[in-house]
Q: 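This is the structure I want to talk about, given as structure tokens.
None of these values were measured; they are calculated from a predicted model. For ligands, and for the atoms within them, numbers begin at 1 and follow the listed sequence.
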Amino acid sequence: MASREPINDLDLTQWREYDDILTDSLWLLGKRDNHGAHKPDYWGNFAPQIPYQAMRRFTRRGELVLDPFSGLGTTLIEARRLGRHAIGVELSPTVAETACERIEAQENPYTVRTALLQGDSACPQTAERVRCQMNEWGFEQAQLLILHPPYHDIIAFSDDPRDLSNAPTLEMFLKQFEQVVCNFASLLGTDRFLTLVIGDKYAGGEWIPLGFHTMEVVRRHGFRLKSICVKDFHETRGKRGQRSLWRYRALKGNFYLFGHEYVMFFEKMATAFQSVTT
Ligand SMILES: C[S@@+](CC[C@H](N)C(=O)[O-])C[C@H]1O[C@@H](n2cnc3c(N)ncnc32)[C@H](O)[C@@H]1O
């Protein structure tokens, strides 16, 4: 069997040295890293430790990372720190503009390229724009996809109907998400990784397992599941300071409060892609 190219820069003869690399599926990250240009002030941004772990484990320096829900650019800032090229897409023009300022404020010790495109990741033309940018930089394929979509409607990111957080039903949210997966999976190299970061939601007295629904969407598009990591989750600003009230509601309503979200890892298999039927 032909040996595969390494997908990271870890030297396994020195494997005991990598204390910073997680290998357990329970991620107790605690406080988010706020070094460099990272700031915790965007509702729904993820901890920089997540793209850090994904990039260190599944990319090499100089490779290319794509983030179709890039928000305030946590992935792109981290990519600069770690010497990975990165392209992000963000729907909201104001968020995209602020993200560009923050990314530029981050030192670029490895002189990598970063681009943030404003657009709808569910639209095939947006993926074409990403492909053009990749080709301009000399890349045929990307080496890692990081997907951190809205957790359906639990935070409204904008009034734009193309925003996944405005999908009127769970089915429509999943359909839009599927379109993003379909568009971006075709830009990823075979045997390379997709990271999905998502939490579940509660609606109408029922736990809605967004994580498992979206996991199935990714698996249908030529990916095999490699790991489901469960990460500690910190309350959104809205709920902060209302801990006792929510605890009371949980006791009264017979449910549990969310204390975790998922970081899932998938590997792209060498199979044909299904297209999304509308
Ligand atoms: C959970 S946040 C991602 C936050 C990001 N990981 C960060 O750390 O800043 C989801 C982002 O997806 C964006 N979004 C929603 N629908 C989109 C779409 N159709 N195309 C591109 N971006 C979209 C939202 O505006 C929001 O910024």
Q: Judged by non-hydrogen atoms, does S70 sit under 4.0 Å from ligand 1?
A: yes
Q: Once you restrict to heavy atoms under 4.0 Å, what part of S165 touches ligand 1? Side chain, backbone, both or neither.
A: neither
Q: Any N or O on F46 sitting closer than 3.5 Å to an N or O of ligand 1?
A: yes
Q: The criterion is side-chain contact (heavy atoms from CB on, under 4.5 Å); which residues satisfy it with D24, sequence neighbours excluded?
A: none
Q: Does G44 reach ligand 1, in the sense of a heavy atom lying below 4.0 Å from it?
A: yes
Q: Report, in ascending order of atom number, the atoms of ligand 1 lying under 4.0 Å from any heavy atom of T74.
A: 7 (C), 8 (O), 9 (O)
Q: Any chance you could lay out the side chain to side chain donor-acceptor pair (under 3.5 Å) test for Y52 and D33, step after step, and finish with the verdict?
A: CA-CA 10 Å; Y52 175 90; D33 269 351; over 6 Å; no
Q: Once rounded to the nearest 0.5 Å, what's the spacing between atom CG of L144 and atom CG of N8?
A: 11.5 Å
Q: Ring centroids only, cut at 6.0 angstrom: are F223 and H221 within range, meaning strictly under it?
A: no
Q: For S158, which part has a heavy atom under 4.0 Å from ligand 1: side chain, backbone, both, or neither?
A: neither
Q: Is atom CD of E97 surrounded by more than 12 heavy atoms (other residues, nucleotides or ligands) closer than 6.0 Å?
A: no
Q: V89 and L116: which non-hydrogen atoms are nearest, and at how many Å?
A: N-CD1, 3.8 Å
Q: Tell me the contacting part of F157 for ligand 1: side chain, backbone, both, or neither, using a 4.0 Å heavy-atom threshold, strictly below.
A: side chain
Q: Using a 3.5 Å cut-off on N or O atoms only, is D120 in polar contact with ligand 1?
A: yes
Q: Can you check whether N45 has an N/O within less than 3.5 Å of an N/O in ligand 1?
A: no
Q: Okay, side chain of T59, backbone of Q143: is any donor-acceptor separation there less than 3.5 Å?
A: no
Q: At less than 4.0 angstrom from any non-hydrogen atom of D163, what atoms of ligand 1 do you find?
A: 15 (C), 16 (N)
Q: What atoms of ligand 1 come closer than 4.0 angstrom to any heavy atom of L164?
A: 15 (C), 16 (N), 19 (N)
Q: Taking atom OH of Y248 as the centre, does the number of heavy atoms from other residues, nucleotides or ligands within less than 6.0 Å exceed 12?
A: no
Q: Can any side-chain N or O of N166 pair as donor or acceptor with the backbone N or O of S158 at less than 3.5 Å?
A: yes
Q: Please confirm whether G119 comes under 4.0 Å of ligand 1, counting heavy atoms of the residue only.
A: yes
Q: What are the atoms of ligand 1, with element, lying closer than 4.0 Å to any heavy atom of P68?
A: 21 (C), 22 (N)
Q: Could you tell me, atom by atom, which parts of ligand 1 come under 4.0 Å of a heavy atom of R162?
A: 19 (N)
Q: Kindly list each side-chain donor-acceptor pair under 3.5 angstrom involving residues 148-156, sequence neighbours excluded, with atom names and distances?
A:
unit_1	atom_1	unit_2	atom_2	d
H148	NE2	Y151	OH	3.1
Y151	OH	E261	OE1	2.6
H152	ND1	K201	NZ	3.0
H152	NE2	A167	O	2.8
D153	OD1	K201	NZ	2.9

Q: Do any nitrogen or oxygen atoms of L72 come within less than 3.5 Å of a nitrogen or oxygen of ligand 1?
A: yes
